[in-house]
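Here's the structure we're looking at; comments come further down.
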Amino acid sequence: MSSTKIAITLEEDLVRRIDRMVAERRFPSRSRAIQLAVQAQIDRLDRRRLARECAKLDPRLEQMVAEEGASYDLEAWPEY
């Protein structure tokens, strides 16, 4: 995947913490540390969104729809 260079502003304390992790070889560079942190946060937000959307589902309706589909599928299968 291609990358795009951007400029960001961070608090000095955060930069020191990132630099310390790079010095400890936990990350190969500042860029990689920040990239992984941003990716982890976005993934976390996406999972929360999925959980919120799933919470809107009506379990009884979902069960009914699943059972309807299951009986239809069984009738459509050929006998062996």
Side-chain angles (χ1 to χ4, degrees):
M1 183 181 289
S2 64
S3 297
T4 302
K5 186 175 263 193
I6 62 168
I8 62 170
T9 303
L10 300 173
E11 294 177 2
E12 289 180 22
D13 182 57
L14 183 55
V15 173
R16 279 192 291 274
R17 291 170 61 191
I18 293 168
D19 287 345
R20 186 171 42 247
M21 287 188 234
V22 171
E24 294 168 353
R25 298 188 187 277
R26 293 173 67 182
F27 298 101
S29 65
R30 282 178 173 172
S31 290
R32 188 67 178 143
I34 293 167
Q35 182 182 23
L36 291 171
V38 169
Q39 183 65 53
Q41 182 63 22
I42 289 172
D43 289 347
R44 206 170 6 259
L45 291 170
D46 284 346
R47 283 192 300 275
R48 286 185 199 150
R49 186 174 135 227
L50 177 60
R52 280 193 312 273
E53 293 301 316
C54 287
K56 295 176 185 177
L57 297 174
D58 177 1
R60 288 178 296 213
L61 176 63
E62 295 299 318
Q63 184 68 40
M64 185 179 72
V65 170
E67 289 171 356
E68 258 180 37
S71 64
Y72 173 80
D73 288 343
L74 290 176
E75 293 169 4
W77 281 83
E79 280 195 51
Y80 291 98

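Everything numeric in this text was worked out from a predicted model, so none of it was measured.
Considering only residues two or more places apart in sequence or on other chains, Glu12 meets the side-chain hydrogen bond (donor to acceptor under 3.5 Å, both in side chains) condition with none of them. Arg44 pairs by the side-chain hydrogen bond (donor to acceptor under 3.5 Å, both in side chains) definition with Gln41, not counting sequence neighbours. Residues meeting the side-chain hydrogen bond (donor to acceptor under 3.5 Å, both in side chains) test with Lys5, sequence neighbours left out: none. Here Arg32 pairs with Gln35 under the side-chain hydrogen bond (donor to acceptor under 3.5 Å, both in side chains) rule; sequence neighbours left out. Applying the salt bridge (charged side-chain N to carboxylate O under 4.0 Å, His left out) criterion to Asp43, with sequence neighbours excluded, gives no partner residue.
Rounded to the nearest 0.5 Å, atoms CE (Met64) and CG (Leu61) are 5.0 Å apart.
Annotation for Leu10: hydrophobic cluster partners, listed by chain and number, are Ile6, Ile8, Leu14, Val15, Ile18, Met21, Val22, Phe27, Ile34, Leu36, Val38, Ile42 (ILVMFWY side-chain heavy atoms under 4.5 Å, direct or chained).
No more than 12 heavy atoms of other residues, nucleotides or ligands lie within 6.0 Å of CD in Glu11, so this atom counts as exposed by the packing criterion.
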